[in-house]
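These numbers were taken from a predicted model, which means no experiment stands behind them.
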Amino acid sequence: MPRVGGRTVAWLAVYAFGLMACHYLVIAPAFAYLGFEKVPPNPLVGIVVAPTYLLCARRLPQSWERPSAIVYWMLFLVVVAPVHVLPMFTTNPSTAVWLMVGGVAAAFWLLGGIYSVPLWAFRPPAIPPRIYWPAYALLWLVMTGVVVGYYGLHLRLVTLSEIYAVRDTYRDSFGEVPKVAKYVVPWLGNVIAPVAIARGLMTRRWSWAALGVLTELYLVSLTGFKQLLFSSLLAAGVVVLARTTDLTRIGRRVGVLAGCGVFAVTAIDFARGGWGLSSILVRRLVLTSAVNTKYHFEFFLQSPKGHLGYGVLSHWVNYPYDLKPPFLIGQVYYGNPEMSANANLWADAYANFGLVGVFVFTGILAAVLHFADSAARGLPAGLALAALAQSAFSVSNTAMLTVLLTHGMLLAVAVVYLMPAGDDATRRRSVRRRIRRLIRRGLSEAGRPRPRPRLSGGRAPS
């Protein structure tokens, strides 16, 4: 699979400079209390981290024909890039900081090996579209019924100022509802609704798209999760990108959009003396991941690792802390034990098993993505990409096992595996277009003057 060229790597370098400008000019002056040091960038540190950054950028696939590309690109933009930018604004980079840069860069580079391995040759079950999509709609309805049954039906637009209060209320309800309800909410928002939106846009089944958006808005009003707030836009953006750009060249366009976008957001906020856009689109989505990753490496470099003793291995491992790693980091570095300082799969892997865990969890993700790519052969690109879009964002901000189970990445892979290659609506439109072309061709030929037959002597009949 071809990797990105020099021009795209140059745009990704522009993206890194944009993150630096945003950090120095907008974020650090306003959010120094959240770990963003207000110091000039250190050029010597930049010289040290530049080679690994460029190697990781060069590793990216140019084509998005394989849906795992959206996960790999998201990891680069949201994790790898800020992890390389943050040390330049660290007064005295510690051993933990260099371990973070080297470990994340090596894991990301190794993960890209899936594009050098042939896809698995297996044949997914051939479920006809007329069976698959009604069954999908039924699953959607059942899941929605479960959520409404336990949480009630109250659809309202939640403002950003209300987000945290709504989220606290939702989390307080965990002890009152069964575990299945806690799984169904993210499954609906991260997988079922985005695929419905993508299918509605691709096949012009507007009811699917509209109901998918309504499902997302309902879940936001219930949970207060900002990720679900942007889920509809992400699904629609993926479809538009897949339908308007040659899949073999999407990487180039994403590089340009990332480089221009971060500079545009920084320029707008800097010009008006504010930080609103940069805080939402750059600090929250990108730079905070690097800060929390640094905190995970710093704390667990010297302290005992978690070894998943708070979760799946709790019956076999004596967990040495009272809080899970994200909340432990929230308590130690932010002074708030109720704050979940999530980072990404590699930060969580290091917190549990050190560098060994970083590479083991990378191998698990590689196997899942390779299976998804193999299962997606022959599917409309927009649907497969939309199915993994939210998982791409989640794995850049949350622990690996949480993404696989709670956030629905395994469900997304199952949806892709069972999805039929065609779609009845798409096939009917294709047939109608073919019929219209034949009719137009027949009418056009009927209107043309027919040549007069010539006699054997070469003279036209009188």
Side-chain angles (χ1 to χ4, degrees), residues 35 71-72 74-75 78-80 82-83 86 94-111 113 171 174 179 182-183 186 190 227 288-334 336-369 391-410 413:
V71 179
Y72 201 52
M74 187 74 77
L75 283 171
V78 179
V79 180
V80 174
V83 157
L86 185 66
S94 62
T95 301
V97 170
W98 296 118
L99 191 65
M100 172 189 70
V101 174
V104 168
F108 180 83
W109 195 90
L110 291 172
L111 181 61
R171 286 174 173 167
F174 283 177
K179 184 174 293 187
K182 292 184 286 186
Y183 279 106
N190 293 337
Q227 179 177 344
T288 296
S289 172
V291 174
N292 288 342
T293 301
K294 182 185 75 169
Y295 288 159
H296 277 74
F297 274 77
E298 282 183 352
F299 182 84
F300 288 100
L301 176 64
Q302 303 295 337
S303 304
K305 307 295 189 295
H307 300 120
L308 293 177
Y310 54 89
V312 295
L313 300 182
S314 59
H315 295 295
W316 298 276
V317 173
N318 183 23
Y319 186 63
Y321 308 104
D322 295 329
L323 299 171
K324 296 180 181 180
F327 294 96
L328 181 62
I329 297 300
Q331 180 187 49
V332 173
Y333 289 93
Y334 296 103
N336 184 2
E338 297 182 357
M339 177 181 180
S340 178
N342 288 324
N344 50 70
L345 79 157
W346 292 311
D348 175 76
Y350 185 81
N352 281 288
F353 300 103
L355 280 181
V356 173
V358 169
F359 297 114
V360 170
F361 278 56
T362 300
I364 295 173
L365 179 60
V368 173
L369 293 180
S391 296
F393 185 78
S394 294
V395 81
S396 303
N397 291 273
T398 315
M400 180 79 250
L401 296 182
T402 302
V403 174
L404 290 176
L405 299 174
T406 306
H407 288 198
M409 190 175 193
L410 292 181
V413 173

Practice prompt. Would you check if L75 and L111 make a side-chain contact, meaning some heavy-atom pair closer than 4.5 Å?
Written response: yes
Worksheet item: Do Y319 and L313 touch side chain to side chain, with heavy atoms closer than 4.5 Å?
Response: no
Worksheet, complete the sentence: Value for NE2 (H307) from CG (N352), rounded to nearest 0.5 Å, stands at 8.0 Å
Worksheet item: With a 4.5 Å limit on heavy-atom distance, are the side chains of Y310 and K324 in contact?
Response: yes
Worksheet item: For the atom pair CE (M74) and CG (N344), what is the distance rounded to the nearest 0.5 Å?
Response: 13.0 Å
Discussion item. Between S303 and F300 (side chain of the first, backbone of the second, donor and acceptor by atom type, cut-off under 3.5 Å), is there such a pair?
Written reply: no
Discussion item. Is any side-chain heavy atom of F353 closer than 4.5 Å to one of L308?
Written reply: yes
Discussion item. Distance check, rounded to the nearest 0.5 Å: M339 atom CE versus Q331 atom CD?
Written reply: 12.5 Å
Fill in: Where N190 and S394 come nearest, the two heavy atoms and their spacing
ND2-OG, 4.4 Å
Discussion item. If I take atom CG from residue L345 and atom CG from residue N397, how far apart are they, to the nearest 0.5 angstrom?
Written reply: 10.5 Å
Fill in: Side chains of D348 and L401 in contact at under 4.5 Å (non-hydrogen atoms)
no
Worksheet, complete the sentence: Closest non-hydrogen contact found for G357 with A349 is O-CB, 3.4 Å
Response to the item:
Between V317 and G306 the two heavy atoms that sit nearest each other are CG1-O, 4.1 Å
Worksheet item: Is any side-chain heavy atom of L99 closer than 4.5 Å to a side-chain heavy atom of L355?
Response: yes
Discussion item. Please report the interatomic distance CE(M400) to CZ(F361), rounded to the nearest 0.5 Å.
Written reply: 8.5 Å
Discussion item. Please report the interatomic distance OG1(T398) to NE2(H407), rounded to the nearest 0.5 Å.
Written reply: 4.5 Å
Worksheet item: Where do S289 and S396 come nearest, in terms of heavy atoms and distance?
Response: OG-O, 3.7 Å
Worksheet item: So, for M100 and A290, which heavy atoms are closest and what is the spacing to 0.1 Å?
Response: SD-O, 4.2 Å
Worksheet entry | Side-chain heavy atoms of V71 within contact of V395, under 4.5 Å | yes
Practice prompt. Mark yes or no for whether N292, through its side chain, and N342, through its backbone, hold a donor-acceptor pair below 3.5 Å.
Written response: yes
Worksheet item: Okay, side chain of Y72, backbone of F108: is any donor-acceptor separation there less than 3.5 Å?
Response: yes
Worksheet entry | Among F359, Y295, F297, ring pair (Phe, Tyr, Trp, His ring centres under 6.0 Å) partner for Y350 | F297
Response to the item:
Of all heavy-atom pairs linking S391 and M409, the shortest is OG-CA, 3.4 Å
Worksheet item: Does any non-hydrogen side-chain atom of W109 lie less than 4.5 Å from one of T362?
Response: no
Worksheet item: Is there a side chain to side chain contact (heavy atoms under 4.5 Å, CB included) between I329 and F299 once you walk through the steps?
Response: CA-CA 8 Å; I329 297 300; F299 182 84; 3.9 Å; yes
